[in-house]
J.: 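Let me begin by handing over the structure; questions about it come next.
Computed from heavy atoms alone, side chains included, the values below leave out hydrogens, waters and symmetry copies. Throughout, protein chains are lettered first and strands after them, A, B, ... in sequence-line order, and every chain is numbered starting at 1.
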Number of protein chains: 2
Amino acid sequence: MKTKAPHDLETAGTRERIVRTASRLMQRQGYEGTGIKQISREAGATLGSVYHFFPGGKQELGTAAVRLGDEEFTELLRESLDAEPDPAKALVALTASLAEGLRESDWLDGCPVTSTVVGTAGSAPGIQRAAAEAFARWRAVVAAKLVAARFAEADAEDLAHTVIATLEGAELASQVARSETPLEAAGRHLARLIASYGGSGHS
Amino acid sequence: MKTKAPHDLETAGTRERIVRTASRLMQRQGYEGTGIKQISREAGATLGSVYHFFPGGKQELGTAAVRLGDEEFTELLRESLDAEPDPAKALVALTASLAEGLRESDWLDGCPVTSTVVGTAGSAPGIQRAAAEAFARWRAVVAAKLVAARFAEADAEDLAHTVIATLEGAELASQVARSETPLEAAGRHLARLIASYGGSGHS
DNA sequence: GTCTATATTGGGATAGAC
DNA sequence: GTCTATCCCAATATAGAC
């Protein structure tokens, strides 16, 4: 059994602290904009420790940061979808909580996976792969929810592509505009799109 | 009257060459991942020329690159929407051409504005502002098309938010997945969403 | 406007003591 | 596993001749 990660940085192990700090910094500054020295400093670890846990250097660290972002958003997605039987209503609530998170960070913390992966196309294949896996997992979670709400499987997988893409795009648009409007509109329109398939949709 | 920009890099003026090279490189590598020396080298200009035209340094250059990406996508958007009276059908065609462009670049060239602005939140306000203006202009172009197709103005502006957000997100998802599927699904679903408002929608 | 040279800082990465 | 010191290189930016 794997060690459970403590939720505060203080009591977490060194490796945990490094990954979480890397993820948080890359979420704000991007992969190229974040230095290993900055990560080690803010994580309270020495440079030697960083290279001890991540001998593959910055790319390996970036990949681990993307995987952590993947897990975190998967968790948020599952919570939102489990809290409400109707997938359309659940997505409206999800966009609201994404907007709230953005505003609370003064529009600095967008999607950690997107921020980290943008700009690494062709130069950091490990990060690309981890980001592709993240998007695929999120799509699968959404599709499963739709299937559970009696959508046809083909429709569910098809819709899941657009749900994830629209969430990504709307979070980016909200961040750039420093406004909740894009996410709010995305939530309403995704709900409407979903309703146009299965009626009310909840089982 | 402003000087018309020649379309090939060879005969363009130095300033033009620098901006276009910057835009293209930042589209692939992001703002932080692109160096001024690389830009000057690939543009066939000296470092002195770069700082002559852009005394504000990298930030001013990045802002100009975002504005160029804004103009280019505005043009593509207008062309796509003008070629087809039904906005829903026009968006399907647009997603297809975006997917084609991505595939032709081996999935390297995503949205130049998005790639450049991500990671600059809080550290490069000029770039942030230029990106916000770009998104707003694109929304206005889409909204105008919808109004011309007899949509209510409130619905048109509301839908335009989601159209732009979904296009952005789907282009990103297609790039990461190295697949046309996300853009293709986005086109179909945006068409369906639009059709759910105004019927066939064309005047 | 263009060019070369350079100042300065910080980047990723490594070595080896403890 | 942790720490310090260091290597090497690229980054942004500037100065000043032409």
Side-chain angles (χ1 to χ4, degrees), chain A residues 3 5-6 9-26 28-66 115-116 118-120 122-127, chain B residues 3 5-6 9-23 25-26 28-66 115-116 119-120 122-127:
Chain A
T3 311
L9 273 180
E10 310 287 324
T11 62
T14 304
R15 201 197 126 99
E16 273 289 313
R17 283 198 329 269
I18 293 169
V19 176
R20 284 203 277 215
T21 305
S23 176
R24 184 172 45 82
L25 288 174
M26 289 179 183
R28 299 204 171 193
Q29 307 170 350
Y31 176 73
E32 295 285 354
T34 304
I36 293 191
K37 286 176 181 171
Q38 183 189 15
I39 293 168
S40 79
R41 195 184 331 121
E42 299 202 13
T46 63
L47 200 56
S49 291
V50 173
Y51 279 96
H52 171 75
F53 288 110
F54 301 93
K58 194 179 181 181
Q59 273 201 38
E60 190 182 345
L61 191 41
T63 305
V66 167
S115 304
T116 305
V118 166
T120 67
S123 69
I127 294 178
Chain B
T3 311
L9 272 180
E10 311 286 325
T11 62
T14 304
R15 201 196 125 99
E16 273 289 314
R17 277 190 343 261
I18 293 169
V19 176
R20 284 202 277 216
T21 305
S23 175
L25 288 174
M26 288 178 182
R28 299 204 172 193
Q29 307 169 348
Y31 176 73
E32 294 284 354
T34 303
I36 293 191
K37 285 179 181 170
Q38 184 188 15
I39 293 168
S40 78
R41 196 184 331 120
E42 299 201 13
T46 63
L47 200 56
S49 291
V50 173
Y51 280 96
H52 171 75
F53 288 109
F54 301 93
K58 195 180 181 181
Q59 273 201 40
E60 190 182 345
L61 191 42
T63 304
V66 167
S115 304
T116 305
T120 67
S123 69
I127 294 178

J.: Listed by chain and number, what are the salt bridge (Lys or Arg N to Asp or Glu O under 4.0 Å) partners of B:R28, not counting sequence neighbours?
T.: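 B:D109.
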
J.: CD/A:Q29 to OG1/A:T34 distance, rounded to the nearest 0.5 angstrom?
T.: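 Taking CD in A:Q29 and OG1 in A:T34, the distance rounds to 4.0 Å.
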
J.: Mind checking side chain to side chain donor-acceptor pair (under 3.5 Å) for A:T120 and listing every partner two or more places apart, or none if nothing turns up?
T.: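 Checked A:T120 against side chain to side chain donor-acceptor pair (under 3.5 Å); matches are A:Q128.
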
J.: Testing the basics here: between A:F53 and A:I18, what is the closest heavy-atom pair and its distance to 0.1 Å?
T.: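 Scanning both residues, the minimum pair turns out to be CD1-CD1, 4.1 Å.
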
J.: Heavy atom of residues 28-48 of chain B under 4.0 Å from DNA chain C: which residues?
T.: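 The answer is B:T46, B:G48.
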
J.: Please list, chain by chain and in numerical order, all residues satisfying side chain to side chain donor-acceptor pair (under 3.5 Å) with A:E32, sequence neighbours excluded.
T.: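 In terms of side chain to side chain donor-acceptor pair (under 3.5 Å), with neighbours along the sequence ignored, A:E32 is linked to no residue.
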
J.: Whole-Å distance between D:dA11 P and B:L25 CG?
T.: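 So the two atoms are 12 Å apart, to the nearest Å.
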
J.: Can you pull the contact range of chain A along DNA chain C, 5' to 3', using atoms under 4.0 angstrom from its heavy atoms?
T.: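 Result: C:dG11 to C:dT14.
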
J.: Report the residues that fulfil side chain to side chain donor-acceptor pair (under 3.5 Å) with A:S23, sequence neighbours left out, ordered by chain and then residue number.
T.: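 Here no residue qualifies.
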
J.: Can you name the residues that form a side chain to side chain donor-acceptor pair (under 3.5 Å) with B:T21, not counting sequence neighbours?
T.: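 Expected list: none.
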
J.: Enter the distance from A:I36:CD1 to A:L25:CG here, rounded to the nearest 0.5 Å.
T.: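 Spacing of CD1 (A:I36) from CG (A:L25) equals 12.0 Å.
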
J.: Could you list the donor-acceptor pairs under 3.5 angstrom formed by side chains in residues 42-50 of chain B, with sequence neighbours left out?
T.:
| unit_1 | atom_1 | unit_2 | atom_2 | d |
| --- | --- | --- | --- | --- |
| B:E42 | OE2 | B:Q38 | NE2 | 3.4 |
| B:T46 | OG1 | B:S49 | N | 3.3 |
| B:T46 | OG1 | B:S49 | OG | 3.3 |

J.: So, taking the atom named CD1 in A:I39 and the one named CZ in A:R24, what distance separates them when rounded to the nearest 0.5 Å?
T.: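 Answer rounded to 0.5 Å: 10.0 Å.
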
J.: To the nearest 10°, give me the bend of the helix from C:dG1-D:dC18 to C:dC18-D:dG1, comparing the axes of its five terminal pairs at either end.
T.: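 For the helix from C:dG1-D:dC18 to C:dC18-D:dG1, the axes at opposite ends meet at about 0°.
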
J.: For residues 59-66 of chain B, which side-chain N or O atoms pair as donor and acceptor with protein atoms under 3.5 Å away, sequence neighbours left out?
T.:
| unit_1 | atom_1 | unit_2 | atom_2 | d |
| --- | --- | --- | --- | --- |
| B:Q59 | NE2 | B:S123 | O | 3.2 |
| B:E60 | OE1 | B:G56 | N | 2.6 |
| B:T63 | OG1 | B:Q59 | O | 2.8 |

J.: Is any side-chain heavy atom of A:V19 closer than 4.5 Å to one of A:F54?
T.: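 A side-chain contact under 4.5 Å exists here.
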
J.: For DNA chain D, what residues of residues 53-64 of chain B have any heavy atom nearer than 4.0 Å?
T.: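 Heavy-atom contacts with DNA chain D come from B:G57, B:K58.
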
